[in-house]
Protein chains: 2
Amino acid sequence: MPRAGLDPAAVVAAGAALADEVGLAGLTMGLLAERVGVRTPSLYKHVGGQEDLNRRIAALALSQAADAVGGAVQGYAGRDALAAAARAFRAFVLEHPGRYAATLGLEPSGPDDPLATAGQRLLGAFTAVLRGYEIAESDVDHALRMLRSFCHGFATLQAANGFQWSTDIDESFEWLIAFTDRGLRAI
Amino acid sequence: MPRAGLDPAAVVAAGAALADEVGLAGLTMGLLAERVGVRTPSLYKHVGGQEDLNRRIAALALSQAADAVGGAVQGYAGRDALAAAARAFRAFVLEHPGRYAATLGLEPSGPDDPLATAGQRLLGAFTAVLRGYEIAESDVDHALRMLRSFCHGFATLQAANGFQWSTDIDESFEWLIAFTDRGLRAI
DNA sequence: AGCTTTTAGCTAACATCATTAGCCAACTTG
DNA sequence: CAAGTTGGCTAATGATGTTAGCTAAAAGCT
């Protein structure tokens, strides 16, 4: 029996990819094992179980989302930064719906939980966007939550097929970006 | 063996309540059967299975959400209507996280699917809010999607414990309502 | 190299859960 | 009150997550 050369990172990466393909609910240990060329129980040498796998996929997803949004924002400010961040976030969720779904409903176990640090990085990327606007200190937290709500809400509704009519969805998203930009400038 | 006097509606209502208590993922047929005082296989006399149960819970949730939002809006217009609708929607999601989660990711099978009609009613309630603003015909769909995105995004992020810092969440929500009202008035 | 230790894979077994089959008593309807 | 329908039951099956215990491959040491 030759070894497969797995490690936790490889298992988690394969799990995230599989979740994107078949949906988070369709991600089973058996399917993942088959994907990485191993029998199911062998996965438990690398991850603690389904819940642990989910947390690790979530941490990976948040980290990648932070990279995507942070990278997109670089070199832009104001409306351009807002648009770049929002587009990057939505693109990430639409391309990686399974791993993004894994991030919902988890509580970081502590300040050094990878989940928490990745989340902080993502938050930091959105915070950088707000620096391009003149926002009172007391409004920053509210504005940040608004940004997250908009981006998360729009992206997950679209990913869940929540928009029914035929009006172009990309157009709606650009409209939403413009709406938010005007609002942030007028605070 | 006395009969339990169940019917599909009772099973679905109990399932929705149970989903709110233990989370949608924790809703098992066995748990639901115990809750309604029956053995597991008996549930299949009333619902087709877990997927069918989920769809029916979703339809119930959308219908109840439509009632809540529609009722809250009555008699108000403009900013008051917006605030009433947003608060009612968020309150519904926070009080009924399980059944709301059941609504995500489903495609109505046709125009007379209860899921579709309930969804239309909920959409209608939000559309009514927009009538209190002077919005160009071409912007209505975009504005509606914005409303849904921000209500859905904020409520689900909060329900999923997605807001980390200590800034008061209710305050952020009111801030978001005010932000949206100003924006809609300035279109 | 050869020996030991660790470890990543395996098979076998078990628990939980959704679902189906088939039976029987309780309602309903004439 | 007889006949049919139906809502409950037990038993059984298949899928899935998980643990136990074995073994061979890799890694480390002399």
Side-chain angles (χ1 to χ4, degrees), chain A residues 1-60 98-99 101-106 109 115, chain B residues 1-60 98-99 101-106 109 115:
Chain A
M1 327 163 184
R3 295 215 177 170
L6 288 181
D7 58 29
V11 171
V12 171
L18 195 50
D20 290 338
E21 290 174 31
V22 301
L24 185 61
L27 173 63
T28 70
M29 298 300 271
L31 205 54
L32 177 54
E34 188 182 350
R35 175 67 64 99
V36 299
V38 111
R39 300 304 182 116
T40 306
S42 303
L43 294 178
Y44 290 79
K45 300 289 182 174
H46 303 293
V47 296
Q50 216 167 25
E51 187 180 324
D52 177 52
L53 174 65
N54 192 297
R55 287 184 73 86
R56 289 172 187 251
I57 290 176
L60 174 66
R99 69 189 71 186
T103 67
L104 301 175
L106 300 182
S109 62
L115 207 57
Chain B
M1 326 165 183
R3 295 216 177 168
L6 288 181
D7 57 31
V11 170
V12 171
L18 195 50
D20 290 337
E21 290 173 33
V22 302
L24 184 63
L27 174 62
T28 69
M29 299 300 271
L31 204 54
L32 176 55
E34 189 182 350
R35 175 66 65 99
V36 299
V38 110
R39 299 303 182 116
T40 306
S42 303
L43 294 178
Y44 291 79
K45 300 288 182 172
H46 304 292
V47 297
Q50 217 167 25
E51 187 180 324
D52 177 54
L53 174 65
N54 192 297
R55 287 185 73 87
R56 289 173 188 250
I57 290 176
L60 174 66
R99 68 189 71 185
T103 67
L104 301 175
L106 301 181
S109 62
L115 208 56

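Below, read A as the first sequence line, B as the second, and so on, with proteins coming before strands; counting in each chain starts at 1.
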Out of dT19(D), dC9(D), dC10(C), whichever nucleotide has its closest atom nearest the side chain of Arg39(B): dC9(D)
Out of dG9(C), dT19(C), dG17(D), whichever nucleotide has its closest atom nearest the side chain of Lys45(A): dG9(C)
Closest heavy-atom pair and its distance - Arg55(A), Ser109(A): NH2-N, 3.6 Å
Distance (rounded to the nearest 0.5 Å) between Thr103(B) OG1 and Leu24(B) CG: 9.5 Å
Whichever of Pro41(A) and His46(B) has its nearest DNA chain D nucleotide further upstream toward 5': His46(B)
Atom pair distance, as rounded to whole Å: CG in Leu43(B) and P in dG8(D): 9 Å
Spacing of Tyr44(A) atom OH relative to dG21(D) atom C1', expressed in whole Å: 17 Å
Ser42(A) or Thr40(B), whichever maps to the more 5' nucleotide of DNA chain C: Ser42(A)
Atom-pair distance (CG on Asn54(A); P on dT18(D)), nearest Å: 11 Å
Residue pair Met29(B) / Val47(B): nearest heavy atoms and the distance that separates them: CE-CG2, 4.4 Å
Atom of Ala33(B), atom of Arg39(B) and distance for their closest heavy-atom approach: CB-C, 3.8 Å
Closest contact, heavy atoms only, Ala102(B) versus Asn54(B): O-OD1, 3.1 Å
Gap separating the CG atom of Leu32(B) from the CZ atom of Arg35(B), nearest 0.5 angstrom: 8.5 Å
Length of the line joining Asp52(B):CG and dA18(C):C1', which is rounded to integer Å: 14 Å
Residue closer to the 5' end of DNA chain D, Gly48(A) versus Gly37(B) (nearest nucleotide): Gly37(B)
Rounded interatomic separation in angstrom, taking CD from Glu34(A) and P from dC10(C): 12 Å
Candidate pair Leu27(B) and Ile57(B), rule side-chain contact (heavy atoms from CB on, under 4.5 Å), full reasoning: CA-CA 11 Å; Leu27(B) 174 62; Ile57(B) 290 176; 3.8 Å; yes
Stretch residues 4-29 of chain A: residues that reach within less than 4.0 Å of DNA chain D through a heavy atom: Thr28(A), Met29(A)
Polar pair under 3.5 Å, donor/acceptor by atom type, side chain Arg3(A), base dT7(C): yes
